[in-house]
There are 2 protein chains.
Amino acid sequence: MTAVLVVDDDPHLLRALRITLQAHGYDVTTAADGHSALLAATQHPLALVILDLGLPDLDGTSVIRELRTWSRVPVLVLSARHGSEDKVEALDAGADDYITKPFGLDELLARLRALLRRSADPDQEPVVTTDAFTVDLEKHRVTRDGQDIRLTPTEWKMLEVLVRNPEKLVTQQQLLSEVWGPAYAKETNYLRVYMAQLRRKLEPETAAPRHLITEAGIGYRFLP
Amino acid sequence: MTAVLVVDDDPHLLRALRITLQAHGYDVTTAADGHSALLAATQHPLALVILDLGLPDLDGTSVIRELRTWSRVPVLVLSARHGSEDKVEALDAGADDYITKPFGLDELLARLRALLRRSADPDQEPVVTTDAFTVDLEKHRVTRDGQDIRLTPTEWKMLEVLVRNPEKLVTQQQLLSEVWGPAYAKETNYLRVYMAQLRRKLEPETAAPRHLITEAGIGYRFLP
DNA sequence: GCTGATCTTGACGAATCCTTGACGCCTGTT
DNA sequence: AACAGGCGTCAAGGATTCGTCAAGATCAGC
């Protein structure tokens, strides 16, 4: 369960947030002032902190700064103050987001999801996986059975265009123009040669490809 | 240098943002519509994308969704629309932050800093080890069999760029521009000479390197 | 101004990659 | 049944890129 700490000195708002967040499946703890917030943050691991800036005991940005000395937990700031100095100060103190009251609950929840999404699994890369091979577009890498597959520059470019358009049909002209340049729109030979090359390197059964599909007369298609 | 892509169809705003961001030390590229934005994002690695939702060709959230199929780059959305449905839709499509026009430049810059701070690789180990040698990025030191290896300044810079991007392909242009400067993008001779130098000093079998890998026609890659 | 280290430059085989054309298969058409 | 067009396959050559070396240019420290 995702643990969220809500810090606010307004009991009504605190209660409303608690109920809403719990209804959306979050595990909520609350605090009404800066000191107990910092204390609560040390008690058990948190996935996120929602922090009101107007606390009775401590300046809100001090809380963030204190927290940041030992934690990287995402902090979403609530504040009644619209001034941009306040926002800049809080964000530079270490906050990750800042919304002003009054705010929509659906917006709060969406921002919360965005923060959690980013902090979740930092080394989860955008890799496209099939049952036969995986393509890591960021690292520029193709693996199959855990082993690196070596692709030539042209092979890679072609695979890249297809993988960036999953399930979509990529026309021959589109492929030729993106890989070889707009002037090569009629060299469909290239496509046949390189598609065969890719299939030989990537498809378990070269003769019956399941991921690099030919659409006769039109183009090709990548299926994850 | 931090690379930022700004996408907006308003030339004035585009220009203003470009100037402001450049004045704050960012490396700015721009795009005026969704297709060229997606294309630009494939060209060279980006640290952040600032995206206007009101584009002439594509729906803004479609751009985010498309981008998210292969990239985790932080996206900050600009929009003239204050409605919370728009915000929720964009954030759930994969955006990381959302601010409405008109906005203060200092707030934009603060949110940008917050996003970059969070996406900065936190667990970049200062010491990278392979079975043949060890690189200490903090102490600026390379050891092999317990002994210090002397590297010239250029050798070190090149090794550093590669080691900071483990397993990732670093293009020739990227290497040349980070080590010698952007003007040297065609002096691929340098790369060959210095890569040979590094391999001679670091690889047990210079002829069959296992950590400093060549990707013919594209660049090089460091494998731990 | 000298010396040693470092960087640049050019040249050369070796390795890799791209292009090209030929051939056979399959499919749908005449 | 014959045919034509599109596709997959293969291999040879030609073109590009890579690794290597060494000589000259440049720089830093003394």
Would you classify A/Tyr220 as touching base, sugar-phosphate or nothing, given that sugar-phosphate means primed atoms plus P, OP1 and OP2, and contacts are heavy atoms under 4.0 Å?
-> sugar-phosphate
Let me know, please, whether B/Val193 or B/Gly219 comes out on the 5' side of the other along DNA chain D by nearest nucleotide.
-> B/Gly219
Is the shortest heavy-atom distance from the side chain of A/Glu203 to the side chain of A/His211 under 4.5 Å?
-> yes
B/Ser177 side chain to B/Tyr184 side chain, donor-acceptor N/O pair below 3.5 angstrom = no
When we call it a touch if two heavy atoms are under 4.0 Å apart, what does A/Thr188 touch: a base, just sugar-phosphate, or nothing?
-> nothing
Considering only heavy atoms from C-beta outward, does the side chain of A/Tyr190 approach that of A/Thr154 to under 4.5 Å?
-> no
Checking all strands, does B/Arg200 fall into the base, sugar-phosphate, or nothing category for heavy-atom contacts under 4.0 angstrom?
-> nothing
So, B/Thr143 versus B/Asp148: side-chain donor-acceptor pair below 3.5 Å or not?
-> no
Closest to side chain of A/Tyr190, choosing from C/dT20, C/dC18, D/dG19 = C/dT20
Using a cut-off of 4.0 Å on non-hydrogen atoms, how would the nucleic acid contact of B/Gln197 be classed: base, sugar-phosphate, or nothing?
-> nothing
Quick one: is D/dG19 close enough that its OP1 or OP2 comes under 4.0 Å of any side-chain N or O from B/Arg192?
-> no
Would you say C/dC18 has OP1 or OP2 under 4.0 Å from some side-chain N or O of A/Tyr194?
-> yes
